Amino acid sequence: MITGSGQPTMSTQDQAIQSPLEGVNFSELELSLYRPRTLFSILLSILVSAMTIVALVPLFAVLTMLLWRGGSKLSVALFTSLPPAPLEQGGGFGNAIVGTLIMVGIATIVTVPLGVLTGLFLAQAPKDSRLASSVRLSAKVLTGFPSILAGVFAYGAIVLATGGYSAVAGGIALSILMLPTIILTSESAVAMVPARMKEASVGMGATGAQTVWMVLLPTAMPGILTGVMLAVARAAGETAPLLFTALFSNYWLTSHGHANLMQPTASLAVLIYNFAGMPFKNQVELAWAAAFVLVVLVLIINLIGRSFSRRQIDQ
Amino acid sequence: MESAPEVIRAREEAAAWNPGQVWQPPSPAQKWGDKVFRQLCVLFAAATIVLIAVLVLEIGVKAIPAFREYGLGFLYRATWDPNKAQYGILPEIWGTLYTSLLALVIGTLFGVAAAVFLSEGYLGGFVFRLLKAVNLHFHPFWGKLPVRIEGVLKTLIELLAAVPSVVYGLWGLFVVIPLIRPLCNLLHSQFGWFPLFATDLSGPGILPAVLVLSIMILPTITAISRDALVAVPPKLRMAAYGLGATRWETILGVLLPTASRGIFGGIVLAFGRALGETMALAMLVGNANRLTVSLFSPANTLAALLANSFPEAGAKEIPVLMYAALVLLAITLVVNLFGALVLERAAASAEAK
């Protein structure tokens with residue numbers, strides 16, 4: 001450009017550079033609080049901050065209400081005694097806690113092998129695998145599966161088939177809701193294992209199964225545990241799938257010394273639902289206390305689960 | 001030349017070591033185990049697809065008797081009378097869509113606002129400025145505070161979703177309804193001619209259900225929208241700032257349009273959640289078979305109908321309820337599938353950039 005061309009080109013270039021700046025009022029380019037666009041930006045920032053705070057109010061409102069109405073009623077008797085009959089005073093929800101733990105336990109035993117191995121398959125499958133992409137899509141669709149429909153399904157498939165409400169039917173209904181969470185979190189946990197570790201294992205002559213059991217699973221374990229804990233926390237709080245699969249019971253699961261899983265079973269969530277609608281003060285207070293226990297249980301499992309995945313990221 | 005004793009011992013050990021014990025090809029049992037394990041993984045993965053098929057089939061087959069008897073008229077009739085064996089779910093379909101859409105509007109406004117708040121790092125920036133004022137912003141402990149506190153905020157919003165819905169129902173029943181009742185009844189007495197305020201709030205009703213529902217879907221919208229906003233390439237933001245745009249000109253003109261697909265996918269998924277949400281609605285919506293637009297009137301939704309009618313349903317009512325469940329299943333499956341596909345597209349286009 002510079003070589004070969006003469007004086008005239010230089011002057012046109014000068015004009016080309018100067019012309020956009022001509023007539024520009026430079027003071028308009030400074031940040032000023034009095035300009036509408038700056039003001040607009042600041043106002044929206046304040047609005048968004050306020051809306052975020054408002055969005056968090058319910059969480060704290062629920063927690064303080066639970067502490068105030070539920071936490072104050074806490075006593076040992078709540079955990080050891082059976083639900084009271086109408087107009088009866090006192091009572092507790094010991095059988096409901098046991099029932100919740102048993103049904104979540106059944107669901108976990110069913111879901112963990114299924115979910116973790118499916119997650120492994122998804123993480124290992126080639127990118128263009130049609131089976132993998134359709135499994136992934138169905139897992140994603142299942143995350144939004146209405147919990148009541150899991151109950152309807154278990155009612156049709158198990159309650160009608162076995163002839164009665166049972167803890168097993170409740171556990172199966174819960175496992176449908178746990179499965180997608182475990183699949184998707186195990187997949188991402190296994191996919192996060194560095195490729196060099198897997199390649200080193202294969203390079204040393206390990207078979208696929210050996211690589212999975214000795215390298216992939218141990219390394220991905222924190223992430224998988226997070227998924228399992230989040231799924232357990234969700235299942236522990238679910239009510240709708242249990243309403244007409246496990247129903248409710250005012251008694252312990254054990255009769256004559258041995259436990260029976262094929263009978264109606266109490267759970268904390270269903271107890272809260274049943275007692276909240278009753279016109280008796282004692283029952284409503286028990287519902288609040290049960291809600292407090294349930295939320296503490298769910299939040300603790302949830303936070304423990306989250307702490308596992310933080311450990312994996314820190315590595 | 002004499003070697004040191006350690007060297008001799010090492011030579012002897014090397015001679016005695018049989019590499020065959022360590023380096024050996026996998027035994028037939030190991031090969032077989034590997035094959036079985038691979039097949040097992042494929043089988044379990046395929047089971048997920050089979051599970052969805054079985055879910056649909058199970059509910060569908062049980063609904064056939066009711067479908068034969070009531071046909072498609074079931075969808076647009078408004079009576080529900082087990083004594084006369086007359087069933088229709090128009091009020092429930094309307095109630096499901098009406099409550100979900102209203103909750104979606106509130107949840108989207110607050111959810112996207114919270115997502116912008118989180119992705120812009122407002123809180124972290126604020127804490128950083130505070131630390132800078134006391135000259136601690138490079139301190140080994142305090143310097144990490146802005147990042148930490150952002151993480152805490154994100155966890156808090158996610159914990160909103162962890163609270164069981166029956167607890168939200170309990171809270172709505174004993175806290176929200178008494179709280180909003182005076183205001184609602186004032187609105188009704190002053191603006192009763194307006195269709196939205198046509199009735200008074202005597203207890204459970206649409207508005208408390210919508211409020212609680214919007215709280216429950218907010219974390220879904222926030223989490224997915226935040227991910228979409230964070231995935232916007234930084235160069236776009238820098239280009240906007242470089243051209244002299246203010247923070248909100250950048251957000252409204254560049255970030256939100258670029259992330260719009262992901263945000264839309266999140267909203268669709270949240271809509272799916274709202275449609276299927278059961279317990280909070282069963283406790284708060286009032287279970288009245290009523291076709292209404294009034295915010296304060298009791299109504300019903302498909303999920304709440306199932307939750308309330310199933311436990312005491314007779315043998316004749318079960319197929320009818322299965323039919324209603326099938327309708328709910330169809331609506332939520334379509335919405336969820338659509339949402340998942342939108343998000344997949346959004347992720348693919350974000351990767352292409």
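Residue numbers start from 1 in every chain, and the chains themselves are labelled A, B, ... in the order their sequence lines are given, proteins ahead of strands. Please read all numbers here as calculations on a predicted model, not as lab measurements.
Residue B:Arg247 touches chain A through both its backbone and its side chain, counting heavy-atom pairs closer than 4.5 Å. If you measure heavy-atom distances from A:Val135 to chain B, the contacts under 4.5 Å come from both the backbone and the side chain. For chain B, the nearby part of A:Leu120 is the side chain; its heavy atoms alone come within less than 4.5 Å. Contacts between A:Ala233 and chain B at a heavy-atom distance below 4.5 Å are absent for every atom of the residue. For B:Val54, the parts lying near chain A are the backbone and the side chain together; criterion is any non-hydrogen pair under 4.5 Å. Contacts between B:Pro311 and chain A at a heavy-atom distance below 4.5 Å involve backbone atoms as well as side-chain atoms. With a threshold of 4.5 angstrom between heavy atoms, A:Met65 approaches chain B through side-chain atoms but not through N, CA, C or O. With a 4.5 Å cut-off on non-hydrogen atoms, B:Leu218 touches chain A through its side chain but not through its backbone. For B:Leu252, the part lying under 4.5 angstrom from a heavy atom of chain A is the side chain only. Proximity to chain A is limited to the side chain of B:Ile318, based on heavy atoms less than 4.5 angstrom apart. Residue contact with chain B, scored on non-hydrogen atoms closer than 4.5 Å, is absent for A:Thr211. If you measure heavy-atom distances from B:Leu170 to chain A, the contacts under 4.5 Å come from both the backbone and the side chain. Proximity to chain A is limited to the side chain of B:Tyr168, based on heavy atoms less than 4.5 angstrom apart. For A:Tyr165, the part sitting under 4.5 Å from any heavy atom of chain B is the side chain, from C-beta outward, and nothing else. Heavy atoms closer than 4.5 Å to chain A are found in both the backbone and the side chain of B:Leu328. The part of B:Tyr122 that comes within reach of chain A is its side chain, from C-beta onward, which places non-hydrogen atoms under 4.5 angstrom from that chain. A:Leu59 touches chain B through backbone and side chain together, each having a heavy atom under 4.5 Å away. Of the two parts of A:Leu122, neither the backbone nor the side chain holds a non-hydrogen atom closer than 4.5 Å to a non-hydrogen atom of chain B. Interface remark: B:Val42 contributes backbone and side-chain atoms alike to the contact with chain A (heavy atom separation under 4.5 Å). Contact annotation for A:Val54: only side-chain heavy atoms (C-beta onward) come within less than 4.5 Å of a heavy atom of chain B. Only the side chain of A:Val284 has a heavy atom closer than 4.5 Å to any heavy atom of chain B. Looking at A:Ala50, neither its backbone nor its side chain comes within 4.5 Å of chain B, counting heavy atoms on both sides. For chain B, no part of A:Leu47 is nearby; none of its heavy atoms comes within less than 4.5 Å. Heavy atoms closer than 4.5 Å to chain B are found nowhere in A:Ile301, neither backbone nor side chain. Contact of B:Leu153 with chain A is made through the side chain alone, with heavy-atom distances under 4.5 Å. Interface remark: B:Ala245 contributes backbone atoms only to the contact with chain A (heavy atom separation under 4.5 Å). Contacts between A:Leu114 and chain B at a heavy-atom distance below 4.5 Å involve backbone atoms as well as side-chain atoms. For B:Leu329, the parts lying under 4.5 angstrom from a heavy atom of chain A are both the backbone and the side chain.
Summarising the geometry of A:Thr118 relative to B:Ala45, their closest heavy-atom pair is CG2-CA, 3.5 Å, with the distance given to 0.1 Å. Heavy atoms only, all atoms of each residue included: A:Tyr273 and B:Met279 are closest at CD1-CE, 3.5 Å. Annotation for B:Ala114 and A:Thr52: closest pair CA-OG1, 3.5 Å, computed over non-hydrogen atoms. A pairwise comparison of heavy atoms in A:Leu117 and B:Cys41 identifies O-SG, 4.0 Å as the closest pair. Between B:Trp171 and A:Trp288, the closest heavy-atom pair is CA-CH2, 4.2 Å. Counting all heavy atoms, side chain and backbone alike, B:Leu173 lies closest to A:Ala276 at CD2-O, 4.0 Å.
With hydrogens and angles disregarded, no donor-acceptor distance shorter than 3.5 Å links the side chain of B:Thr246 to the backbone of A:Thr38. Put simply, the side chain of B:Asp34 never gets that close to the backbone of A:Thr207: no donor and acceptor are under 3.5 Å apart.
Atom CZ in A:Phe60 sits 5.0 Å away from atom CG in B:Leu156 (nearest 0.5 Å). Distance CG/B:Leu51 to OG/A:Ser175: 8.0 Å, rounded to 0.5 Å. One finds the CG atom of A:Leu56 at 6.0 Å from the CG atom of B:Leu160 (value rounded to the nearest 0.5 Å). Separating the CD atom in B:Glu344 from the OG atom in A:Ser133 is a distance of 7.5 Å, to the nearest 0.5 Å.
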Margin query: Determine whether B:Ile215 and A:Val62 satisfy the following criterion, side chain to side chain contact (heavy atoms under 4.5 Å, CB included), listing intermediate values before the conclusion.
Written below: CA-CA 11 Å; B:Ile215 296 167; A:Val62 169; over 6 Å; no
Next item on the list: Walk me through it: do B:Leu337 and A:Leu137 pass the test side chain to side chain contact (heavy atoms under 4.5 Å, CB included)?
Entry: CA-CA 8 Å; B:Leu337 201 62; A:Leu137 190 65; 4.0 Å; yes
Next item on the list: Any chance you could lay out the side chain to side chain contact (heavy atoms under 4.5 Å, CB included) test for A:Lys140 and B:Leu269, step after step, and finish with the verdict?
Entry: CA-CA 10 Å; A:Lys140 280 179 187 162; B:Leu269 282 190; over 6 Å; no
Next item on the list: Could you walk me through whether B:Ile49 and A:Ser134 pass the side chain to side chain contact (heavy atoms under 4.5 Å, CB included) test, one step at a time?
Entry: CA-CA 8 Å; B:Ile49 301 176; A:Ser134 40; 3.7 Å; yes
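Counting heavy-atom pairs closer than 4.5 Å to chain B, the top residue among A:Thr143, A:Ile53, A:Ile42, A:Val116 is A:Thr143. Your options are A:Ala139, A:Gly115, A:Pro146, and the one with the most heavy-atom pairs under 4.5 Å with chain B is A:Pro146. With chain B as partner, the option from A:Gly237, A:Ala206, A:Ala287 having the largest number of non-hydrogen pairs under 4.5 angstrom is A:Gly237.
Ion pairing of B:Glu158 with A:Arg306 is present here, as a side-chain N (NZ or NE/NH1/NH2) and a carboxylate O approach within less than 4.0 Å.
The number of heavy-atom neighbours closer than 6.0 Å to CE of A:Met204, taken from other residues, nucleotides and ligands shown, is 12 or below. Annotation: B:Tyr241, atom OH; neighbour count of heavy atoms from other residues, nucleotides and ligands within 6.0 Å is above 12.
In this structure, B:Phe310 and A:Tyr155 have perpendicular ring planes: the angle between them is above 60°, well past the 30° mark.
Taking the centre of each ring, B:Phe44 and A:Phe121 stay at or above the 6.0 Å mark.
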